[in-house]
Amino acid sequence: MAADSTDKKDAESSGTKERERKRSRSRERKLSPTRKRNRSRERNRSKSAERDRRMKDKDRDKERDRDKDRERGRKDREAHRRDKDRSKRSRSLSPKSKDAKSKRERDIKTEEEEDEKKKKEKVQPLSLEELLAKKKAEEEAEAKPKFLSKAERESEALKRREQQTEERRRLLEDERKKRRMFQDMGRKMMEDPQERERRERRERMERENNGNEDDDGRQKLREEKDKSKELHAIKERYLGGLKKRRRTRHLNDRKFVFEWDASEDTSVDYNPIYKEKHHVQLYGRGFIAGIDLKQQKRDQSHFYGDLMERRRTLEEKEQEETRLKKMRKKEAKQRWDDRHWSQKKLDEMTDRDWRIFREDYSITTKGGKIPNPIRNWKEYSMPDHILEVIEKCGYKDPTPIQRQAIPIGLQNRDIIGVAETGSGKTAAFLIPLLVWITTLPKIDRIEDSDQGPYAVILAPTRELAQQIEEETIKFGKPLGIRTVAVIGGISREDQGFRLRMGCETVMFTATMPAAVERLARSYLRRPAVVYIGSAGKPHERVEQKVLLMSEGEKRKKLLEVLSHGFEPPIIIFVNQKKGCDYNACTLHGGKGQEQREFALSNLKAGAKDILVATDVAGRGIDIHDVSMVLNYDMAKNIEDYIHRIGRTGRAGKSGMALTFLTKEDSAVFYDLKQAILESPVSTCPPELTNHPEAQHKPGTILTKKRREETIFA
Ligand SMILES: Nc1ncnc2c1ncn2[C@@H]1O[C@H](COP(=O)(O)OP(=O)(O)OP(=O)(O)O)[C@@H](O)[C@H]1O
């Protein structure tokens, strides 16, 4: 009833709402046309939103209706039940209901009587036949398939499932317990023994404190232990006991000390597993993992070797033997041939060896059909008297230029020899010359000497000419060869000479500019050209230093350098004839020949420490052990510079070259920078490296790069 009333109320409220909505809509319709238009636009805009809202409202109404239906049904059912009760109550009062009741009571009574009868029957024991029949019936019943209802099947399955899960849970729990126990045990075992002791003691103490261990037996035991310890300590104190020293392990001590040798292990003999090892032999390229790979390879090669050996016929075996023999012989020969040239005799030298030989001495040749170089003086077929002189001079081994130039010279062939300063070029052209002269018949020589000299040696300076004369006399005198130097400044009458042209021409230098080489080639006949090392470069053992300064600073700097001390002799090169206050001798073109000779001999003899010279002393002058060359004025070209600094670091020794550089020398900046950069023992100062004049060779026209150009339109 209440539900009905609420439904009614709801219906009423929804009806009023609907009416109001209609009213408001009609009101809206009555509004002005402009407003109407606006409204319609608005309506259009919110059309979809409105539709959504209405749909939602509908859903909500439906839901509400459904709830109401459900509520109504429930209330109906309750009312029906109440009606039933009421009708029951009213029916009990009728005569019909009284009859039914008495009938029911009668039925119950008869049922009880039947039960009573059955019970009485059961009490009596069954006969054997009955028992057998019963058993048979039961068996038959059991044999018959039992049909269970779906509900029964489901309940049984549920029970089984519960049992299984219970069983699994129990097993898991047991396993977890076991694992925890093992973990605890493991942790205890892994523990540091000291730590374990400490932990056990702590646990014991805890137990004692908790009063768990207050039994007398344990207390007594502890007291006894303490007593025995005390006794032991007293004994040790008064009787002196053996105190075990704690072993300290040093950092570098070996951790494992095996007190037995591997050979003492006799288990191999006893254990049948080790006695009869099973070897796996794989065919192909495979290997067994975990076993020494090298050993496996060795075994495999043995295995295949044996296999091949077993399979070979006698003939094949012989063939293989001879093949191996041949191979071994060939290899041995190869090894023999591949020896270094120094381990070989002259006649064993191959072309390859000669090539290596030339590489070893940085010898480069041009001109075709160049004879092999000299390996050593004795080996080379030279007259004994020449060899004697060489020995006297103390030349143990030929220098690289001598090794290659002497054999060419002995073929009377024209040579251009380019080798660094102080590398023994003089002997390189003198020795073949003297050998050639000595090979001429003596009578001819005596007769021809009236005709003129056998050889003419040209030198750029008087000093050099005299130096070469000295060298030639040294070699030629023991051989009976006369030498004379023809130089300016000495009276012509004293120099008896006659020239004869048409003989061999040799040209030796430390620097060979391309223009000079072109000129030389036009005068020489099919010349053999010999270059040693990086020809035209300053000596690799001369350290080059450069100081940039003004002209006025030079003198001060010179005095500063000299005041630091130096090892005599040194040579100071100047471009102008200037004096110097030091213990010096001077050598330049303005001096008389005698003075020039005196100056040089003074320095060579050690009477003077410094030679101040112009380029006159720059080429060829050989003064032993010059420790430093100081270019007070820079040479006018790089060739002169190279010759100058070549006065130091001669005959395998090292030296130093110091150059004072001013901006007036800018013409050689570029070449000088290159020369210093190429020297392995020198460093170019940044002032020179970065100097604008040192960036390009003078005379080269620099073309501006396009991107650097500024175009003004
Ligand atoms: N085989 C040699 N063994 C030892 N010393 C030698 C040998 N040959 C030459 N010398 C010595 O080396 C020094 C330099 O020799 P030499 O004057 O011939 O050199 P150079 O190449 O002509 O030098 P430069 O280019 O300056 O004229 C000399 O003192 C000389 O005695």
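Computed from heavy atoms alone, side chains included, the values below leave out hydrogens, waters and symmetry copies. Residues take their numbers from the sequence shown, with the count starting at 1. Keep in mind that this is a model prediction, so the values were computed, not measured.
Annotation: side chain of Leu562 is in contact with side chain of Ile570 (closest heavy-atom distance under 4.5 Å). Contact annotation: the side chain of Pro407 approaches that of Ile374 to within less than 4.5 Å [non-hydrogen atoms, C-beta and beyond]. By the 4.5 Å heavy-atom criterion applied to side chains, Thr689 and Lys673 are counted as neighbours.
When atom types are taken as modelled, the side chain of Arg403 and the backbone of Pro398 share a donor-acceptor pair closer than 3.5 angstrom. A distance-only check finds no donor-acceptor pair linking the side chain of Glu470 to the backbone of Ala465 [under 3.5 Å]. Listed for the Asp353 side chain is a donor-acceptor partner under 3.5 Å among the backbone atoms of Thr350. The main-chain N or O of Glu318 is found under 3.5 Å from a side-chain atom of Thr322 such that the two form a donor-acceptor pair. Judged by distance alone, the side chain of Lys344 and the main-chain N or O of Asp337 form a donor-acceptor pair under 3.5 Å. The backbone N or O of Gly424 sits less than 3.5 Å from a side-chain atom of Gln402, completing a donor-acceptor pair. Judged by distance alone, the side chain of Arg339 and the main-chain N or O of Arg335 form no donor-acceptor pair under 3.5 Å. In terms of modelled atom types and a separation under 3.5 Å, the side chain of Thr439 and the main chain of Trp436 share a donor-acceptor contact.
Annotation for Lys317: atom NZ counts as buried by contact number, over 12 foreign heavy atoms lying within 6.0 Å. The environment of Asp338 atom CG is dense: over 12 non-hydrogen atoms of other residues, nucleotides or ligands sit within 6.0 angstrom. Within 6.0 Å of the CD atom in Glu391, the count of heavy atoms belonging to other residues, nucleotides or ligands does not exceed 12. Atom NZ of Lys474 has more than 12 heavy atoms from other residues, nucleotides or ligands within 6.0 Å. For Glu560, the CD atom counts as densely surrounded, since its 6.0 Å shell holds more than 12 non-hydrogen atoms of other residues, nucleotides or ligands. For Met549, the CE atom counts as densely surrounded, since its 6.0 Å shell holds more than 12 non-hydrogen atoms of other residues, nucleotides or ligands. Within a 6.0 Å sphere centred on CD of Glu567, other residues, nucleotides and ligands contribute 12 heavy atoms or fewer.
In this view, Trp354 satisfies the side chain to side chain donor-acceptor pair (under 3.5 Å) rule with no residue, not counting sequence neighbours. When the side chain to side chain donor-acceptor pair (under 3.5 Å) test is applied to Thr472, no partner is found at least two apart in sequence or on another chain.
Contact detail for Arg298 and Gln295: the closest heavy-atom pair is NH1-OE1, 2.9 Å. Between Trp377 and Lys396, the shortest heavy-atom contact is CD1-O, 3.1 Å. For the residue pair Pro569 and His624, the shortest heavy atom distance occurs at CG-O, 4.0 Å. When all heavy atoms of Gly422 and Lys425 are compared, the pair lying nearest together is N-NZ, 4.5 Å. Closest non-hydrogen pair, Thr648 versus Gly655, comes out as OG1-CA, 3.1 Å. Summarising the geometry of Thr683 relative to Ile676, their closest heavy-atom pair is C-CG2, 3.7 Å, with the distance given to 0.1 Å.
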Inset, instruction - Give the C-alpha distance, both sets of side-chain angles, the deciding distance and a yes or no for side-chain contact (heavy atoms from CB on, under 4.5 Å) between Met634 and Leu672. - result: CA-CA 10 Å; Met634 175 61 190; Leu672 183 63; 4.0 Å; yes
Inset, instruction - Go through the steps to decide whether Glu320 and Arg323 satisfy the test side-chain contact (heavy atoms from CB on, under 4.5 Å), and finish with yes or no. - result: CA-CA 5 Å; Glu320 181 62 16; Arg323 191 186 68 83; 2.9 Å; yes
Inset, instruction - Take Leu410 and Tyr380 through the side-chain contact (heavy atoms from CB on, under 4.5 Å) test and state the conclusion after the steps. - result: CA-CA 11 Å; Leu410 286 171; Tyr380 202 71; 3.3 Å; yes
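Atom-to-atom distance recorded for Leu434:CG and Ile481:CD1 is 4.5 Å, nearest 0.5 angstrom. For the atom pair NZ of Lys392 and NE2 of His385, the computed distance is 12.0 Å after rounding to the nearest 0.5 Å. Interatomic distance, Ile623 CD1 to Leu611 CG, rounded to the nearest 0.5 Å: 5.5 Å. Rounded to the nearest 0.5 angstrom, Met382 CE and Ile406 CD1 are separated by 5.5 Å. Atom CD of residue Glu693 and atom OH of residue Tyr670 lie 13.5 Å apart, to the nearest 0.5 angstrom. In this structure, CZ in Arg352 is found 7.5 Å from CZ in Arg355, a value given to the nearest 0.5 Å.
In this structure, Tyr632 and Phe660 have tilted ring planes: the angle between them lies in the 30° to 60° band. A tilted orientation is assigned to the rings of Phe475 and Tyr395, their planes being inclined by 30° to 60°.
Exactly one of Asp633, Asn631, Asp665 qualifies for a side-chain hydrogen bond (donor to acceptor under 3.5 Å, both in side chains) with Thr659. That residue is Asn631.
Counted by atom type alone, Gln319 and Arg312 present zero donor-acceptor pairs between their side chains at under 3.5 Å.
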